[in-house]
J.: 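Below is the structure I would like to discuss, written out as structure tokens.
It should be emphasised that the depicted structure is a prediction, and the values quoted were computed from it without experimental measurement. Side chains included, hydrogens not; waters and symmetry mates left out as well; all remaining heavy atoms used.
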Amino acid sequence: MKQLKAIVAVLFLGLLALLPLRWAQRLGGRIGKYFAARPESSLMRVTRTNIDIAFPEQAEAERVALAELSMIETGRSFSEMGMAWLWSPARSLKKVKAVHHEHLIDEALAQGHGVILIAPHLGNWEILNLYLSKRYPFTAMYRPPKLKLLDTLIKRMRARLGTRMAPADASGVRMVMSALKRTEMVGILPDQEPVTGGEWAPFFGHPAYTMKLLPQLVRKTKARVICGFAERLPGGEGFEIHFKAADELIYSADLNEALLGLNRSVEQCVKALPAQYQWEYKRFNHQPDGVVSPYSR
């Protein structure tokens, strides 16, 4: 049954890849509107919960509108996977219309530092991966999906321009350490709950189980940390890539301060483009003892 699901998913990606980007995004937007119109759905309930936590100062109507926009943008993210995975890299990268502050990466590498690129689930991170893979020696950590066929496809498509895929386990950590010691770039998704090796740190003012790996890598390798995301432009026009310096607290020798700096770095990216963030992920599901998960209410 799992194999059948994987085959169906791959076939659907193939169909999406046949569409021009504008049409694929329109289809994704319609899928997003379907869920946005169903506030009782799990996706909308989680999205609303996360947005209520992140932006309590906003009026109720503003938070509802942001949740609906987020669903539409999430649908577009899904519909873009055919383009990002199955188009040729050259064709996909033609959709990158501008790049901002890439000098942050070049300066860090020129100074002999490895670079940790933290890429939140914001905009289109597959386009960001393609762009970085073309320009730099790049190792990306990822959490393998349960469906083997999809895992094979992900590794093959993300590695087309030379990206080395590092699984989120001990072997992957060794790959990342080696890359940083060679003063190369590694990519880490910073806004998922770690399976193990985490600690609670504030994220939008709420406790979030946060990876200790990244500040540990910074401390051991003296790497520089830079945030990156690919903004989706309206009307199927393409994408703009943004790089930002991470919060300086991320370099603190104090683990709690470093974790706070990590989450602040993600926050600054999200606040720049809140509608394109993946709010439907249960970022606050794992809570300290005695604290009830906000999704159980």
Side-chain angles (χ1 to χ4, degrees), residues 101-102 104-105 108-109 113-133 135-145 151 154-155 158-159 161-201 203 208-230 241-252 255 257-270 277-278 281 283 286:
H101 305 301
E102 189 173 1
L104 295 170
I105 297 174
L109 294 174
H113 294 286
V115 171
I116 300 175
L117 193 289
I118 54 176
H121 288 81
L122 179 66
N124 189 311
W125 50 93
E126 299 293 347
I127 286 292
L128 178 64
N129 172 73
L130 279 176
Y131 182 82
L132 294 172
S133 298
R135 295 182 60 80
Y136 306 95
F138 188 58
T139 301
M141 289 200 81
Y142 82 115
R143 190 175 296 175
D151 184 34
I154 289 172
K155 288 190 289 189
R158 289 180 177 171
L161 292 177
T163 297
R164 291 180 293 273
M165 301 303 298
D169 57 24
S171 67
V173 173
R174 288 193 293 270
M175 289 177 63
V176 165
M177 284 285 293
S178 296
L180 291 174
K181 289 178 179 178
R182 293 192 300 269
T183 65
E184 295 177 359
M185 183 187 298
V186 304
I188 295 179
L189 297 171
D191 51 354
Q192 289 181 318
E193 288 191 339
V195 177
T196 59
E199 186 57 76
W200 285 276
F203 182 53
Y209 198 56
T210 304
M211 65 167 66
K212 294 189 291 186
L213 173 62
L214 194 146
Q216 290 169 345
L217 289 171
V218 172
R219 189 166 63 249
K220 289 180 180 179
T221 67
K222 308 303 181 185
R224 302 302 297 174
V225 185
I226 296 168
C227 311
F229 59 91
I241 292 177
H242 301 265
F243 297 108
K244 295 176 178 289
D247 188 287
E248 285 297 317
L249 271 182
I250 206 167
Y251 301 106
S252 174
L255 178 62
E257 288 187 351
L259 292 175
L260 176 59
L262 170 57
N263 285 343
R264 280 183 179 176
S265 300
V266 177
E267 286 178 23
Q268 72 165 334
C269 296
V270 174
Y277 187 58
Q278 187 178 303
Y281 175 68
R283 182 66 183 89
H286 189 187

J.: Which residues pass the side-chain contact (heavy atoms from CB on, under 4.5 Å) test with Glu184, sequence neighbours left out?
T.: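 By the side-chain contact (heavy atoms from CB on, under 4.5 Å) rule, Glu184 matches Pro137, Arg164, Ala179, Arg182.
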
J.: Among residues at least two apart in sequence or on other chains, which ones pass side-chain contact (heavy atoms from CB on, under 4.5 Å) with Thr183?
T.: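 Partners of Thr183 under the side-chain contact (heavy atoms from CB on, under 4.5 Å) test: none.
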
J.: What is the minimum heavy-atom distance between Phe243 and Gly228, and which atoms define it?
T.: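 Distance-wise, the nearest heavy atoms are CD2-CA, 4.0 Å.
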
J.: What heavy-atom pair brings Met211 and Pro190 nearest, and what distance separates the two atoms?
T.: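 Minimum heavy-atom separation between Met211 and Pro190: CE-CA, 4.2 Å.
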
J.: Considering only residues two or more places apart or on different chains, which pairs with a residue in residues 258-270 satisfy side-chain hydrogen bond (donor to acceptor under 3.5 Å, both in side chains)?
T.: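 Checked against side-chain hydrogen bond (donor to acceptor under 3.5 Å, both in side chains) - neighbours excluded - the pairs reaching residues 258-270 are Thr210-Asn263.
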
J.: Hey, what do you get for CD (Gln192) to CD (Gln278), rounding to the nearest 0.5 Å?
T.: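 Between Gln192 CD and Gln278 CD, I get 7.5 Å after rounding to 0.5 Å.
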
J.: So, taking the atom named NZ in Lys244 and the one named NE2 in His101, what distance separates them when rounded to the nearest 0.5 Å?
T.: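 The distance works out to 6.5 Å.
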
J.: Show the nearest heavy-atom pair for residues Cys269 and Pro120, with the distance to one decimal.
T.: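 Here Cys269 and Pro120 meet closest at CB-CG, 4.2 Å.
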
J.: With sequence neighbours excluded, tell me which residues meet salt bridge (charged side-chain N to carboxylate O under 4.0 Å, His left out) with Arg135.
T.: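 Salt bridge (charged side-chain N to carboxylate O under 4.0 Å, His left out) check on Arg135 returns Glu102.
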
J.: Under the side-chain contact (heavy atoms from CB on, under 4.5 Å) rule, collect the residues that match up with Val173, sequence neighbours excluded.
T.: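 For Val173, the residues satisfying side-chain contact (heavy atoms from CB on, under 4.5 Å) (neighbours in sequence not counted) are Met141, Met177, Leu213.
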
J.: When rounded to the nearest 0.5 angstrom, what distance separates CG in Leu132 from CG in Leu117?
T.: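 The CG atom of Leu132 sits 5.0 Å away from the CG atom of Leu117.
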
J.: On a heavy-atom basis, which atom in Val218 and which in Ile250 lie closest, and how many Å separate them?
T.: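 Shortest heavy-atom contact: CG1-O, 4.3 Å.
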
J.: Give me the atom names and distance for the closest heavy-atom approach of Ile105 to Met185.
T.: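 It is CG2-CE, 3.2 Å.
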
J.: Taking C-beta and beyond as the side chain, do Val186 and Leu217 meet within less than 4.5 Å on heavy atoms?
T.: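 Result no, sub-4.5 Å side-chain heavy-atom pair not found.
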
J.: Partners of Asn124 by side chain to side chain donor-acceptor pair (under 3.5 Å), sequence neighbours excluded?
T.: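 So Asn124 forms a side chain to side chain donor-acceptor pair (under 3.5 Å) with Glu80.
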
J.: CZ of Phe203 to CG of Leu262: how many Å apart, nearest 0.5 Å?
T.: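 These two atoms lie 9.0 Å from each other.
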
J.: List for me each residue that meets ring pair (Phe, Tyr, Trp, His ring centres under 6.0 Å) alongside His286, sequence neighbours excluded, and say none if there are none.
T.: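 Listed in chain order: Trp200, Tyr209.
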
J.: Show your working on side chain to side chain contact (heavy atoms under 4.5 Å, CB included) between Tyr136 and Val115 and close with a plain yes or no.
T.: CA-CA 11 Å; Tyr136 306 95; Val115 171; over 6 Å; no

J.: Out of curiosity, Ile188 CD1 to Thr139 OG1, how far, rounded to the nearest 0.5 Å?
T.: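 The CD1 atom of Ile188 sits 10.5 Å away from the OG1 atom of Thr139.
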
J.: Does the side chain of Asp191 pick up a donor-acceptor pair with the side chain of Tyr281 at under 3.5 Å?
T.: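 Absent: no donor and acceptor within the cut-off.
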
J.: At their closest point, which heavy atom of Leu249 faces which heavy atom of Gly261, and how far apart are they?
T.: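 The pair with the smallest heavy-atom distance is CB-CA, 3.7 Å.
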
J.: Identify, with sequence neighbours excluded, every residue that meets ring pair (Phe, Tyr, Trp, His ring centres under 6.0 Å) alongside Phe229.
T.: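 With neighbours one apart ignored, the set is His242.
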
J.: The criterion is side-chain contact (heavy atoms from CB on, under 4.5 Å); which residues satisfy it with Glu248, sequence neighbours excluded?
T.: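 Testing Glu248 for side-chain contact (heavy atoms from CB on, under 4.5 Å), a comparison that skips the adjacent residues, returns Arg224, Tyr251.
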
